Number of protein chains: 2
Amino acid sequence: MDNPLSETPKGQLSARIRRDIEQRILLGEWAPGFRIPMERELMETYGCARMTVNKALSALAASGLIERRRKAGSFVSQPLSQSAVIEIPDVRAEVEAIGQAYRLEVISRQQRRSTRADMERLNVQSPRQVLAVHCRHFAGLRVHAFEDRLIDLVSVPDAAEIAFADEPPGTWLRGHVPWSEAENRISALNADASLADRLGVKQGSACLQVERSTWRGKRPITAVRMFYPGETYRLIAHFSPKGDVPRREPA
Amino acid sequence: MDNPLSETPKGQLSARIRRDIEQRILLGEWAPGFRIPMERELMETYGCARMTVNKALSALAASGLIERRRKAGSFVSQPLSQSAVIEIPDVRAEVEAIGQAYRLEVISRQQRRSTRADMERLNVQSPRQVLAVHCRHFAGLRVHAFEDRLIDLVSVPDAAEIAFADEPPGTWLRGHVPWSEAENRISALNADASLADRLGVKQGSACLQVERSTWRGKRPITAVRMFYPGETYRLIAHFSPKGDVPRREPA
DNA sequence: CAGTGGTCTAGACCACCGG
DNA sequence: CGGTGGTCTAGACCACTGG
C-alpha cells in the first residue's frame, strides 16, 4: 500500500499525517536538511486534499520541526532553529548578550558505564555508556555558571567524539540532536565548599540551580545541572497564555 | 459599514478576524461567559468563508481565550481556564498537590497612591492607586512562600473591595482578570533577617525568588515577588519546542 | 519566471451533545 | 433531534523567491 498511515485510522487525518512525518524526522529517516516532498506530492501520497496536508505541515513548522520557504520547499530543521530559546537558553549567547567575553573551561570529561546515580538522573532502567562533563562558563573573568552534564551515548553516540574544547555541550547538543520534550526543575541552594570554589563565591552564598532533562520521544538525551551565582543571575521568561508566541503589533 | 475590521487590510484575513475578536475580549466588550456569534454568523459579519472564521476561532481556543462546545457555541473563557498552569502556578493547588493543608495569612493590605518604587515595579510612568498586599502561604505548619504583591487598581478596580481573607490574591486575579502577557524573573538570594523571619528559615539560607509581572495588552495588572525556601521548593516546567503542548501517545 | 507555499472559497458530511 | 463546531474537499488566486 502506498499510504503510509496506519490502516486503522484514529483521530483527525491531518493529525495523523503530522504524526507520520514527525516520526520520520524524530527517528532519523528524514535527517536535518532533508527536503520534504512538497504539498502537491504529499496530497497524492496520503490521498487527501492539499489543505489537509498544509494543516499538518503548518503545525510542524509552527513547532519548529520543519522550515518552509516559498519556491524552495519544506526542509527538516537543523535542530538548533529558534526552538524554545526561552526555555533552553544558550549559555554563550547569554553571556555575550550582556557584553561580556565568553570562555569555556572543561574541568572533566569522562566516558563510562552508567552508575546507579547516572541511571537515576537519566531516568532509565538499563545500564549504558554515558558521557559525564563538568565545565565552567566564564563571563569575562567572572564565573557565569558551573555545568554538570550527563549525556546518554545510546541516544547521542556522536557525542563520544566531541571534546567540547570550544563549543559548550549544550550548544553542541542543540545543534545536533532534535528533542521533543524537556523539563526544568529550578531551586535555590547554599553553596557548599566545593560549589563555592567552582563558582568563585563565598561558601554559603545563595545559588540558583537549574536541572534540565531532555528527551527525544521516550529516549533520554541529556540531564544537566547548571549552577549560577544567585545574586547576579536571573532566569527570565516572557510568555503568553497557552504557549502563544507574543505577537508584535504592526506599527 | 457592517464589517468591523480596519478599512486598510494588513496581513492575513483570519489573523485580522482573530485580533478583532481578541480585542473585544481583552477590552471587556465581550465579558467572560459571553457567547460569541457562531461561525455561520461571523462568516457573514466579516464577509468570508466559514473556514476562515474557523481558523481564527480555533486559534483563540488553542490560546485559551475562548472555549468551544458543539451545539452550545463558543464562549469567552473564565480567565482561570487552564491557561499557563506551568508558568503561573496556583499556590493553593501547589500546596494541596503535595498533600499538605493550605492556609493563607494576610500580613498587610494597603491601598495607596503609587510611590516611585511602585511605579517602577509596575513599569508605569503616571501615579495611580495601587493595592499592596503582603501575605504568607502555609503548607501545614511550614511556610511555603512569602508573597509581596502590587496590584494596579486602574486595571483591576474590583480588587479594592477584596480582603483576600481566604482566597490568595494570585488565585483571585487569575479568576477575575484576563491577561495577555507575563514575565517571570527568577533568582536566588540569601535570606536577610526580615525574610528569614517571614519564611521561618535561618538567616542566610538560600531562597528562591520569583518576580512576575502580568499585563493585559499594554496595561500592567500586577507585579508580585514570591519567596520560597530554596531547599524544599522546586519550580518545575515541562515543555516542548516552540510551545507545543506535550501530546500523549495513544496507547 | 515559474515553482512552491500561503491563503481563501463554497460547499459538504459528520460527530457530538444540549434542549 | 437538530444546531453547532470539526473537519475535509477540490479548486482558485496570489506572493514570494530561488534558479
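Below, chains carry the letters A, B, ... as their sequence lines are ordered, and counting in each starts from 1. Keep in mind that this is a model prediction, so the values were computed, not measured. The analysis underlying the following values was restricted to heavy atoms, covering all of them including side chains, and did not include hydrogens, waters or symmetry mates.
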Tabulate atom names and distances for all N/O pairs under 3.5 angstrom spanning the protein and nucleotides 3-5 of chain D.
unit_1 : atom_1 : unit_2 : atom_2 : d
D:dG3  : O4'    : B:K71  : NZ     : 3.2
D:dT4  : OP1    : B:R35  : NH2    : 3.4
D:dG5  : OP2    : B:E39  : N      : 3.3
D:dG5  : N7     : B:R40  : NH1    : 3.2
D:dG5  : N7     : B:R50  : NH2    : 3.0
D:dG5  : O6     : B:R40  : NH2    : 3.4

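- Residues satisfying the salt bridge (charged side-chain N to carboxylate O under 4.0 Å, His left out) test with B:E39, not counting sequence neighbours, are B:R50, B:R68.
- A cation-pi geometry, defined here as NZ or CZ lying under 6.0 Å from the six-membered ring centre and within 45° of its normal, does not hold between A:R92 and A:Y102.
- Put simply, CD1 on B:I66 is 13 Å from C1' on D:dG6, counting in whole angstrom units.
- Taking atom CG on B:L13 and atom P on C:dA10, their separation rounds to 12 Å, with Å as the unit.
- Considering only residues two or more places apart in sequence or on other chains, A:F75 meets the ring pair (Phe, Tyr, Trp, His ring centres under 6.0 Å) condition with none of them.
- When rounded to the nearest whole Å, the span between CD of A:E67 and P of D:dT17 equals 14 Å.
- Residue pairs meeting the side-chain hydrogen bond (donor to acceptor under 3.5 Å, both in side chains) criterion with at least one partner in residues 150-162 of chain B, sequence neighbours excluded, are B:R128-B:D152.
- Partners of B:R225 by salt bridge (charged side-chain N to carboxylate O under 4.0 Å, His left out), not counting sequence neighbours, listed by chain and number: B:D148.
- Atoms CG (A:L42) and P (C:dG3) sit 18 Å apart, rounded to a whole Å.
- The nearest whole Å value for the distance from the CD atom in A:Q12 to the P atom in C:dC14 is 17 Å.
- Note: CE (B:M51) to C1' (D:dC8) measures 8 Å, nearest angstrom.
- Distances shorter than 4.0 Å separate none of the side-chain N or O atoms of A:S58 from OP1 or OP2 on C:dG5.
- Rounded to whole Å, the distance from NZ on B:K55 to C1' on D:dG6 is 16 Å.
- When the salt bridge (charged side-chain N to carboxylate O under 4.0 Å, His left out) test is applied to A:R24, the partners found at least two apart in sequence or on another chain are A:D20, A:E29.
- Side-chain N/O atoms of B:T52 include one lying less than 4.0 angstrom from OP1 or OP2 on C:dT9.
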